[in-house]
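Worksheet for the structure shown next.
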Amino acid sequence: MRAETRRFFWSILVQVLVVAAILRPDDLGGYQGFLPSQLLHDKIVDGLAIAWWYALAWNITSGLELFLWSRIFGSGAGGMPRQRKLLTDMLNIIIYVLTTATVAVHVFKQPVTGVFATSGIVAIVIGLALQNTLSDLFAGLALNFERPFKAGDWVTLDGNVQGMVLVTNWRATHIRTRTGDDMVVPNATIAKARLTNHMVPSKNHLANIEVPLIYGFDAAEIEDLLKTTAVTVPGVLSDPGPIVLMHEMRNDVVIWRLYFFINEFARLVIIRGQLAQAVYTAFRSGPAGAFLPRNEIWLHKADPTAPTKPVSGEIA
């Protein structure tokens with residue numbers, strides 16, 4: 001049994017003992033027999049009652065985490081916080097708010113209407129003071145309900161922010177970039193951004209590299225060489241296999257595009273670099289290397305005894 005589970009059951013046992021110690025005759029319908037609470041001062045009983053209510057709230061939230069949330073949502077990718085943490089945190093707060101209201105009514109004997117009227121005024125003041133924060137909060141709730149991504153997914157925002165989602169909390173979403181940095185993006189910004197999830201609907205991702213070649217090649221030979229080389233690179237899938245297309249014909253070179261599939265988007269930059277190196281090595285080691293683009297400069301040694309011709313416009 002895990003330590004968290006043992007702690008949970010020990011807390012329930014302690015709660016049972018505490019409730020037996022703080023029960024009053026009124027709680028038992030006017031029972032007139034002996035109760036342990038008669039030996040304690042009223043303030044001590046009230047203090048134990050407050051602690052008992054909050055311990056009950058802790059047990060409820062801990063029980064939900066141990067036996068429900070962890071089984072439904074898991075613990076997240078690679079031990080990271082799960083994407084649905086915001087929703088479970090909200091439920092925990094609601095439980096503690098209700099516990100506080102219960103303490104005010106049953107321990108301090110405050111009227112229910114007064115408790116909710118006071119909480120309503122407090123909510124209005126907080127709402128006016130935290131408008132931007134609340135905007136991020138509700139955007140985070142919308143993201144959790146819609147679930148355009150989850151923890152562990154690689155996403156791109158507006159075409160320039162790219163990384164792996166760690167967690168969405170109350171105010172922002174944490175994204176780990178390719179450089180290993182933690183980028184904190186406000187939830188409201190994500191809700192308005194153009195978002196691309198590279199893990200949905202499939203982990204297979206199509207990428208490409210460009211290969212420029214000079215004219216004179218055999219198209220079928222080049223296509224076969226590129227496909228054969230691509231599948232030798234670790235991470236490039238053979239099913240679906242690479243695709244080779246002639247992309248553009250320029251004055252000096254023809255641009256070929258080698259499309260390939262991967263299922264590890266986190267390694268895209270590494271795989272693309274290894275593939276480019278493998279293609280270059282394959283061309284250099286065979287006759288097709290003659291079609292790699294190059295700059296050639298021809299130097300001609302002039303005859304110093306030959307008479308020079310006047311340049312147009314000059315007077316001989």
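Side-chain atoms are counted along with the backbone in the values below, which use heavy atoms only and exclude waters and symmetry mates.
By the side chain to side chain contact (heavy atoms under 4.5 Å, CB included) test, Ile50 pairs with Tyr54, Val103, Val107, Phe108, sequence neighbours left out. Scored by the salt bridge (Lys or Arg N to Asp or Glu O under 4.0 Å) test, Arg257 finds Glu210 as partners (sequence neighbours excluded).
In summary, the aromatic rings of Trp256 and Phe291 are positioned with their centroids too far apart to meet the 6.0 Å limit.
A perpendicular orientation is assigned to the rings of His205 and Phe265, their planes being inclined by more than 60° (bins at 30° and 60°).
In this structure the side chain of Arg267 never reaches within 4.5 angstrom of the side chain of Ile262, judged on heavy atoms. Looking at Arg178 and Trp154, their side chains come closer than 4.5 Å, going by heavy atoms from C-beta outward. Inter-residue side-chain proximity for Gln274 and Val236 is flagged as unmet; no heavy-atom pair is nearer than 4.5 Å. Put simply, the side chain of Leu292 reaches to within 4.5 Å of the side chain of Leu213, judged on heavy atoms. Under the 4.5 Å side-chain criterion, counting only non-hydrogen atoms from C-beta, Phe149 is in contact with Ile190. Using a 4.5 Å heavy-atom threshold, the side chains of Leu225 and Phe283 count as touching.
Ala207 approaches Arg272 most closely through the heavy-atom pair CB-NH2, 3.8 Å. Ala290 and Ile214 get closest at one heavy-atom pair: O-CD1, 3.4 Å.
For Asn59 and Ser11, the side-chain atoms include at least one donor-acceptor pair closer than 3.5 Å.
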* Step-by-step side chain to side chain contact (heavy atoms under 4.5 Å, CB included) determination, Thr229 to Leu258 -> CA-CA 10 Å; Thr229 304; Leu258 172 56; over 6 Å; no
* Before giving the answer on side chain to side chain contact (heavy atoms under 4.5 Å, CB included), spell out for Arg176 and Asp182 the whole-Å C-alpha distance, their side-chain angles and the decisive distance to 0.1 Å. => CA-CA 5 Å; Arg176 180 178 296 166; Asp182 185 2; 5.8 Å; no
* Step by step, would you call Leu137 with Asn187 a side chain to side chain contact (heavy atoms under 4.5 Å, CB included)? -> CA-CA 7 Å; Leu137 168 61; Asn187 291 330; over 6 Å; no
* Start with the C-alpha distance between Phe260 and Val233, add both sets of side-chain angles, then the distance that settles side chain to side chain contact (heavy atoms under 4.5 Å, CB included), and finish with yes or no. => CA-CA 11 Å; Phe260 58 97; Val233 176; over 6 Å; no
